Amino acid sequence: MAAAEAAGAFPSAASSESDSEDRLLLPNLLPSAAAPSSPSRAQLHHFHVPSLTLPITVRALPSRGLSFQLWPSASTLLRVLPASPRLLPRAPAPGAPPLSVLELGSGTGAAGLALAAALPARAVLSDLPGALPNLRHNADLNAPLLAAAGGAASVVPLPWGDAAAMREVAAVRAEAPFDLVVASDVVYYEALVDPLIETLRFFVKGEVVFLMAHMRRWKRTDKKFFGKARKLFNIEVVHEDPPLEGWRHGPVVYRFTAKKQHSKK
């Protein structure tokens, strides 16, 4: 989760169905294997993926804001996708080139790094410039594991809706265009809906698949996002986690594919 930072403090436990709150209500639920530390200090989190001999390890810096924290949907995405090849645009196969994956709003990069190793894939992790130093740290930390598995990860800046930035990212994969776009916990601020939709419109076309893990929080924001997205994409629910403790919902994984454009005669 990333792509924007909120001003001021926000709570991390209580749930709300109201859109009248000014603060972002997000559960900061971390994976079970987290190194103990003060909330204001760096935290190391380990994600065990069945197909990997070693865990993916990422550093979170909670005191620095939303882009530096871990969120429930990332854990769902990295757990579900490697075990569900039917959701991918093409199933990984021996001798076939690795999938080319773009992650939007990577944050700590936990999901993108796990997918790069487990599928395996050549992953491009993206976020706002301020989040990139920690994202690069995590990519470097896991580089040997990814290389051993046949994957790789690079890090690029990508403000949503920025046409020049999107063209630059696409150019990075000019010889091996993206097969798959992924994101987790990226629908939260209403002001970011239109830039996110424009980013998806740019990258998710043809046979490209977008897989998004999302946890419902704001009715109005969700309604706006999915209303706009359904005009452009076919959307199906492919996985639902049970509700999290203290919340009405758990993370849900959606699969988006571009609608066929019929030319007018």
Side-chain angles (χ1 to χ4, degrees), residues 1-5 12 24-35 42-52 55-62 64-84 87-88 101-119 121 123-128 131-132 134-139 141-142 145-146 151 153 155 158 160 180-189 192 196 210-217 238-245 247 249-256:
M1 174 184 197
E5 292 298 335
S12 61
L24 183 62
L25 303 178
L26 296 170
N28 189 3
L29 302 181
L30 304 175
S32 57
Q43 300 173 345
L44 288 181
H45 301 278
H46 309 287
F47 295 87
H48 296 271
V49 180
S51 61
L52 303 178
I56 294 293
T57 299
V58 298
R59 180 181 70 180
L61 303 168
R64 296 193 183 181
L66 302 184
S67 300
F68 300 88
Q69 301 186 37
L70 287 165
W71 304 99
S73 294
S75 298
T76 297
L77 195 66
L78 68 86
R79 173 170 46 85
V80 170
L81 294 197
S84 308
L87 301 180
L88 304 173
V101 177
L102 171 65
E103 184 179 31
L104 302 176
S106 296
T108 63
L113 291 168
L115 296 177
L119 293 179
V124 174
L125 313 181
S126 70
D127 213 311
L128 292 174
L132 299 191
N134 190 56
L135 189 52
R136 289 195 179 100
H137 170 89
N138 289 336
L141 185 64
N142 292 278
L145 175 58
L146 269 61
V155 174
L158 181 55
W160 298 341
L180 176 66
V181 179
V182 298
S184 54
D185 277 324
V186 292
V187 179
Y188 46 101
Y189 291 135
L192 292 177
L196 178 56
F210 174 48
L211 290 165
M212 180 182 80
H214 171 64
M215 187 165 158
R216 291 175 54 193
R217 298 182 179 91
V238 294
H239 175 86
E240 293 186 63
D241 275 350
L244 302 174
E245 184 178 355
W247 287 73
H249 312 287
V252 176
V253 179
Y254 299 85
R255 190 177 192 268
F256 294 60

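All figures in this text were calculated on a predicted structure; none of them were measured in a lab.
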Closest contact, heavy atoms only, T108 versus V58: O-CG1, 4.0 Å
Minimum heavy-atom separation for G112 and A123, please, with both atom names. O-CB, 4.1 Å
Out of curiosity, [X] [atom1] to [Y] [atom2], how far, rounded to the nearest 0.5 Å?
X    : Y    : atom1 : atom2 : result
D241 : H249 : CG    : NE2   : 13.5 Å
E103 : D127 : CD    : CG    : 8.5 Å
N142 : L52  : CG    : CG    : 10.0 Å
W247 : R216 : CH2   : CZ    : 12.0 Å
L81  : L180 : CG    : CG    : 7.0 Å
L211 : L88  : CG    : CG    : 7.0 Å

Should [X] and [Y] count as side-chain neighbours, where that means a heavy-atom distance under 4.5 Å?
X    : Y    : answer
L128 : S67  : no
L78  : I56  : no
M215 : L244 : yes
L66  : W71  : yes

Return the set of residues passing side-chain contact (heavy atoms from CB on, under 4.5 Å) with A118 (not counting sequence neighbours), or none when no residue passes. V49, S51, P82
Do any N or O atoms from the side chain of [X] and from the backbone of [Y] form a donor-acceptor pair under 3.5 angstrom?
X    : Y    : result
D185 : S73  : yes
W160 : L104 : no
S106 : S126 : yes
R59  : A42  : no

Please determine whether side chain to side chain contact (heavy atoms under 4.5 Å, CB included) holds for the pair V252 and E240, giving the CA-CA distance in whole Å, both sets of side-chain angles, and the decisive distance to 0.1 Å. CA-CA 4 Å; V252 176; E240 293 186 63; 4.0 Å; yes
